[in-house]
Amino acid sequence: MLLAQFTMNRLWCSAVLAALLGLAAGETYTPKHEAGRCAIRGSCGSSGFWSPALPCPDNGLAEEPEDDVRKQLVEICGPKWNTGPICCDGDQLDALSGNLKKANNIISSCPACKENFYNLFCTFTCSPDQSLFINVTQIEKSGDKSRVTELDQLVSGEYGSGFYDSCKDVKFGPTNQNAMVFIGGGAKNYPDFLAFLGHKSPLGSPFQINFPNSSTFPDESMRPLEMTPKNCNDEDERFRCACVDCPAVCPKLPEVSQTGSCHVGSLPCLSFGAILTYGVFVLLLATAIFGHIAWAKHSRRKSERLRLLQDAAPSDDEDEGDIVHNGAMYDRPQRNYWINSVCDSAFSRLGYIAAKFPGITIGLSVLVVGLLSLGWIRFEIERDPARLWVSPSSTAAQEKIFFDDNFGPFYRAEQVFLVNDTHPSGPGPVLSYETLKWWMDVEDRIRGLKGLETGVSLEDVCFNPTGEGCVVQSVAAYFENDSKKVNPSTWQKTLRSCAESPVNCLPKFGQPIDPKMILGGLQNPDDVATSSAIIVSWVLNNAAEGSTRIKMAMDWEESLRSTLLDIQQDASRLGLRLSFSTEISLEQELNKSTNTDAKVVAISYVMMFVYASLALGSTTLSLRAFFRNPSTSLVESKFTLGVVGILIVLMSISASVGLFSAAGIKVTLIIAEVIPFIVLAVGVDNIFLIVHEFERVNVSHPDDMVEYRIAKALGRMGPSILFSASTETIAFALGALAGMPAVRNFAIYAAGAVFINAILQVTMFVSVLALNQKRVEDRRADCFPCIQIRSAGIQLGQANGNGYARSYEGQDEGTLQQFIRKVYAPTLLGRKMKVVIVVIFLGIFTAGVSLIPEVSLGLDQRLAIPDGSYLIPYFNDLYDYFDSGPPVYFVTREVNATERVHQQQLCSRFTTCEQQSITNVLEAERKRPNISYIASPAASWIDDYFRWLDPELDCCVENGEPCFQDRNPAWNITLFGMPEGQEFIHYLQEWIVAPTDGDCPLGGKAPYSNALVIDSKRETIPASHFRSSHTPLRSQDDFIAALASARRISDGLSESTGIDVFPYSVFYIFFDQYATIISLTGTLLGSALALILIISSILLGSIKTGAVVTITVLMIVVDIIGTMAVFDVSLNAVSLVNLVICVGIGVEFCAHIARAFMFPSRSVMERAKNKFRGKDARAWTALVNVGGSVFSGITITKLIGVFVLAFTRSKIFRTFYFRIWLALVVFAATHALMFLPVALSLLGGEGYVDPESDGGLQEDLASRRYRALLPDGDDSDDDYE
């Protein structure tokens, strides 16, 4: 066995040796490898008519060239070739010069890369020691000539890696791409780089050059030449590259501090502090409670003897009044508050006049509202988002105006995603031969579209910078937009080749297309053919709003939208999914959302109206009374009052809109959707309070004239309405100080509507209420006052003089009123329950504070459009598949770039450019994209302009000669040979119209035609921009952070250079609000709360009570903000408006309870249980007096209106209105009806006499009558627990 194995090994070795001997015996094309000997020389013609010439194999000795050849060689390769023999001739040098010039356009900005590139190919072509590192391996015969078709070249690892490192970061300015994409096929290491350079291709090397590993090359007579590469950060300044091309020379940027990073463990500091404070409070409270219990037990033992001596029974000799008064009445307020007395008197007089002269009052009200409503003729709706979210005087708005005026409005974009994700197995490659052909036919169809009204085509409206073709970024451009050039067997190869080197597949508009712009969702990151989505973008010219060009563009976009909707069906039949957006799509879909929401909002209002009408009638009409005498309901119904209340709401809205429209303030969609709800909610609340109080007065003062009863009711409720209306109006009006038009305009309209509504309620509604009461007392039917119902109100045993009972005599106390009086109020004000309420509500408040840091910023566009919109899949695809960020421009203003000092502040590719120049800093920021959100190199017009002047590139030509060929000082990399003054302007005007093509890709027409403004008279540059792009932005947080980062960068540049620099991107105008929205929110809410404190303290006559009301409103707002974090409601202009609403409505809930506490009704307070004394008795009185109105008139009304909003199709309504308003109703109602009475009983101020319930003997008798007419209740004196 061993012998057999040994024999096989011998045979294998023999075979290998025979093969090697056979190779040695064959023909070799470079037999000698020694110094001074060539491997190739001269030109032996081409293999085809269009093919370049190929070198001849020549293993002869190197020779001294002729003088003209030597001169040409030195001009191309440098002075080190001044002496010595060479292995090339003039024809080779001509070919070398042409090839190097093509590369020079791309790499000349980095001297080290250029030097290494030139050195490699000059050495390859002309070195006298060619045979040491070149071995010809393949030739082809043509007659008696041989042409080299393949060879090996040895390059040391040191030189190869140094060469690659010097070029890997070089940027090609006009396209903002790495030069390695163009000269190295996007190579990631030096072997791949060299392999690309040596690969035979029509646009590359004319023959195959292999670069084998020199350390393992079998021929020991060959070795690579000892060459030292230049580094991009070389110590020799002649070869040092700019920061944009060499990270090693970039200036060190200061560290950026991260805001909002204060955490204790995983908790934000605010959350930790709130939880800690609450924990300490609960601990101290528990300690106090247990200590009090222990002390009470100890004191009880000592006081038992004293308690036995006390006689609690009343004396027979006590006054009758003392029998009537319970213990609480001894503590009832004795002081008068002059402001309240003045308000009471003023509202009483107003009520009397309105009731006495109802016709005049109603007529004047309608007349004034009609006159104010004339302003509707100037009614306008602001639909432009740019003018909604940013103040016209703000920095962002001024910057947008500057950009549009100087560079033109940002382009209109139409974009399509074609995605293959409809199969159960998941996403797959979207491209196939059939799909590609079909899509190219679709693009042909789109190119032929015409506008329905104007008849314009794509060619008429598209952006066409070169005049050769529209800018359409599509995979079809890789195939020259010609479906005939799509080969079923080679289309994938073509696609991959173009994606690797887009410069070889230029579209008609002259700029290479980055594959990231047209392909997304790669299944294999290294193979673009596996993309799950193709992305197509049409770029249209934009113009001023209302111009003819805009109308033409919108007309064509409408045709495109209709066509793409049809193509969606075709794509579906192919198993694909198509999503798209046109420039007009978003506004159309937003308007569709508004129209859909209008129906739901209208239903919401109708339901609140129906409830209000029924609930108002229930104040005097119970089910028991209805079944006892059904005809009574026809008289006591208050449906007419409900209708009038709604009409007053509509009148106040109409008057506010007319007034401010006349003042030139435009209506926004937020105003149209929100203000009717606010005014209706507030208006219905006040109507309930007035009607409920009026019914109480009817019972206590039935013999007074209607006018006096109206005056008495309004005198009591008027100050309460003044309190709530004034605080709401001022809270809303504060928003007018905001710079954001969406918030400011809403605040102005809301404040006006609430104020006008309050005035109409205490005038016009009071007049209608008086007329309604006279109708009721005359027993006439509601809605049909001509019909008198004599049987209504007949009640045996309780008739007045005419044999009929008044409708309000013997009426039943409502179930809700009984529940509050007997159960709810006594339970809530028990000592143990107070502790529970305080602990629970402070706990909720702590949770709200803790959640504040979790509230995000932004407004996702997907929330603003209705469910089912075709834009929702588009936005999803945009985030999922589009791997490129929006463009960002760093704009300079009034920079005199004709002066050297300013040139150095702008440039980056020359050795004397400032380290902190604009483009150097932008490049350094690009290298930390996680902080800067900058993804691509800045397109520097001044660098490309100066490089265009390089006479070696033959780009700038005048009179048939390169512009700077014989100039003194000559063009040089140090910048001091560059033009200044008028010369700078002259050549700049030539460059800006120079074509961008393969012969000179540095021409300014395509990339920079709109990038700068030239003022030849003043010899300056009034405006210019440096174009870059953001990283892919996939969330609202990313957009906000990108804007903040761009602001930080531009502010730093302005400070370091003294140049006025600002950033601009098309989305900045929408996100600029978030730079100040947190501080704006704090300012508005804080100011509103401060004013609430001042107003409530003045109108209530107590700083303590004012503080309790303010703190309660603060707790409501904070709890709502915490709810926003829980329900993923972000902070933006819409939610800020809602928070301002929350302040106003929160006051509405609290104001009436607080005033009833400070001015307790004597007749109600006399019914307080004996266990309630002092503040507890007044808190009980407030709940019994107005608690029912707050619950039925405020809470239920708003709850019904909000509930309907849950059924809207609009996500923005469900998210920002339904959720916030539902939280508002829940938190405001619970705080007003639970926490506020408890807080007032503990911390409220001293009360005052209510003028309307303290009128001497007459008032005392009336109050006794009121108590007598109310049904007896179970007012047992339970222990005060």
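In what follows, every heavy atom counts, from backbone to side chain, and hydrogens, waters and symmetry copies are set aside. Residue numbers start at 1 and run along the sequence shown.
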Inset, instruction - Determine, stepwise, if the pair S562 / S559 fulfils side chain to side chain donor-acceptor pair (under 3.5 Å). - result: CA-CA 5 Å; S562 301; S559 296; over 6 Å; no
Legend entry - M554/E583 under side chain to side chain contact (heavy atoms under 4.5 Å, CB included): CA gap, chis, key distance, verdict: CA-CA 8 Å; M554 293 175 68; E583 193 73 21; over 6 Å; no
Inset, instruction - Go through the steps for V1134 and T1215 under the test side chain to side chain contact (heavy atoms under 4.5 Å, CB included), then give the verdict. - result: CA-CA 10 Å; V1134 178; T1215 302; over 6 Å; no
Inset, instruction - Would you check, one step at a time, whether the test side chain to side chain contact (heavy atoms under 4.5 Å, CB included) holds for V754 with S656? - result: CA-CA 9 Å; V754 170; S656 179; over 6 Å; no
Legend entry - Working for side chain to side chain contact (heavy atoms under 4.5 Å, CB included), residues V461 and N541: CA-CA 6 Å; V461 296; N541 284 313; over 6 Å; no
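Of the possible polar contacts, one joining the S348 side chain to the A711 backbone as a donor-acceptor pair under 3.5 Å is found. Looking only at distances, a side-chain donor or acceptor of R378 sits under 3.5 Å from a matching main-chain atom of A662. A donor-acceptor distance shorter than 3.5 angstrom exists from the side chain of S661 to the backbone of V657, with no hydrogens or angles considered. Panel note: side chain T454, backbone G451; no donor-acceptor pair is recorded below 3.5 Å. N745 places no side-chain N or O within donor-acceptor distance of the main-chain N or O of V667, the cut-off being under 3.5 Å. The main-chain N or O of L1084 is never found under 3.5 Å from a side-chain atom of S1087 such that the two would form a donor-acceptor pair. Under a 3.5 Å cut-off, the side chain of S652 and the backbone N or O of V649 do form a donor-acceptor pair. Formation of a donor-acceptor pair under 3.5 Å by the S365 side chain with backbone atoms of T763 is not found in this model. Judged purely by atom type and a 3.5 angstrom limit, S720 has no side-chain atom pairing as donor or acceptor with the backbone of M717. The closest donor-acceptor contact from the side chain of Y749 to the backbone of I665 lies under 3.5 Å.
Of the inter-residue distances, the one linking F403 atom CZ with Y1068 atom OH reads 11.0 Å to the nearest 0.5 angstrom. With values rounded to the nearest 0.5 angstrom, I710 atom CD1 is found 9.0 Å from I690 atom CD1. Between I721 atom CD1 and E1148 atom CD the span is 9.0 Å, to the nearest 0.5 Å. Expressed to the nearest 0.5 Å, how far CD1 of I381 lies from NZ of K666 amounts to 10.5 Å. Taken to the nearest 0.5 Å, the CD1 atom of I756 stands 5.5 Å off from the CG atom of L372. The OG1 atom of T727 sits 9.0 Å away from the CZ atom of F732 when rounded to the nearest 0.5 Å.
In M552, the CE atom is crowded: over 12 heavy atoms of neighbouring residues, nucleotides or ligands sit closer than 6.0 Å. Around CZ of F410, the count of heavy atoms belonging to other residues, nucleotides or ligands within 6.0 Å exceeds 12. In this structure, F1127 places its CZ atom where only 12 or fewer heavy-atom neighbours from other residues, nucleotides or ligands lie under 6.0 Å away. In Y352, the OH atom is crowded: over 12 heavy atoms of neighbouring residues, nucleotides or ligands sit closer than 6.0 Å. Counting non-hydrogen atoms of neighbouring residues, nucleotides and ligands closer than 6.0 angstrom, the CD atom of Q398 exceeds 12 such neighbours. Annotation for F1218: atom CZ counts as buried by contact number, over 12 foreign heavy atoms lying within 6.0 Å.
By the 4.5 Å heavy-atom criterion applied to side chains, L540 and E557 are counted as neighbours. Residues D860 and F875 fail the side-chain proximity criterion, which asks for heavy atoms closer than 4.5 Å. V369 places a side-chain heavy atom less than 4.5 Å from the side chain of L760. In this structure, L857 and S1130 have side chains that are not in contact, with every pair of non-hydrogen atoms separated by 4.5 Å or more. Counting only heavy atoms from C-beta outward, the side chains of Y411 and N542 never approach each other to under 4.5 Å. By the 4.5 Å heavy-atom criterion applied to side chains, F723 and H1152 are not counted as neighbours. Side chains of K356 and T361 form no contact here, defined as non-hydrogen atoms less than 4.5 Å apart. The shortest side-chain heavy-atom distance between L1139 and M1124 falls under the 4.5 Å cut-off.
Considering every non-hydrogen atom in both P719 and L714, the closest pair reads CD-O, 4.0 Å. Closest approach of V766 to A354, counting heavy atoms only: CG1-CB, 4.0 Å. Between F1149 and A1228, the closest heavy-atom pair is CD1-CB, 3.5 Å. Minimum interatomic distance between V1147 and S724 (heavy atoms only, all atoms of both residues): CG1-CA, 4.4 Å. Between I1120 and C1142 the shortest heavy-atom distance is CD1-SG, 3.5 Å. Looking at every heavy atom in both residues, G1144 comes nearest to E728 through O-CG, 3.1 Å.
Side chains of Q588 and E558: a donor-acceptor N/O pair is present below 3.5 angstrom, by distance only. S654 and W376 are linked by a side-chain donor-acceptor pair at a separation below 3.5 angstrom, with hydrogens and angles left out of the test. Side chain to side chain, S581 and Y870 fail the donor-acceptor criterion of an N or O pair below 3.5 Å.
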When the side chains of residues 1070-1079 are checked against the rest of the protein, which donor-acceptor pairs come out under 3.5 Å, sequence neighbours left out?
unit_1	atom_1	unit_2	atom_2	d
D1072	OD1	R1047	NH2	3.4
Q1073	OE1	A1133	N	3.3
Q1073	NE2	F1070	O	3.1
Y1074	OH	L859	N	3.3
S1079	OG	T1076	O	2.9

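Partner F765 forms a side-chain contact (heavy atoms from CB on, under 4.5 Å) with one of I362, N772, I687 and no other, that one being I687.
Using a cutoff of 4.0 Å between basic side-chain nitrogens and carboxylate oxygens, E707 and K774 are scored as salt-bridged. Under 4.0 Å is where a charged nitrogen must lie from a carboxylate oxygen, and between K551 and D555 no such pair does.
Listed by first then second residue, pairs satisfying ring-ring contact (aromatic ring centres under 6.0 Å, His included) with a partner in residues 540-561 number zero, not counting sequence neighbours.
Remark: E414 pairs with no residue by the side-chain hydrogen bond (donor to acceptor under 3.5 Å, both in side chains) rule, at least two apart or across chains.
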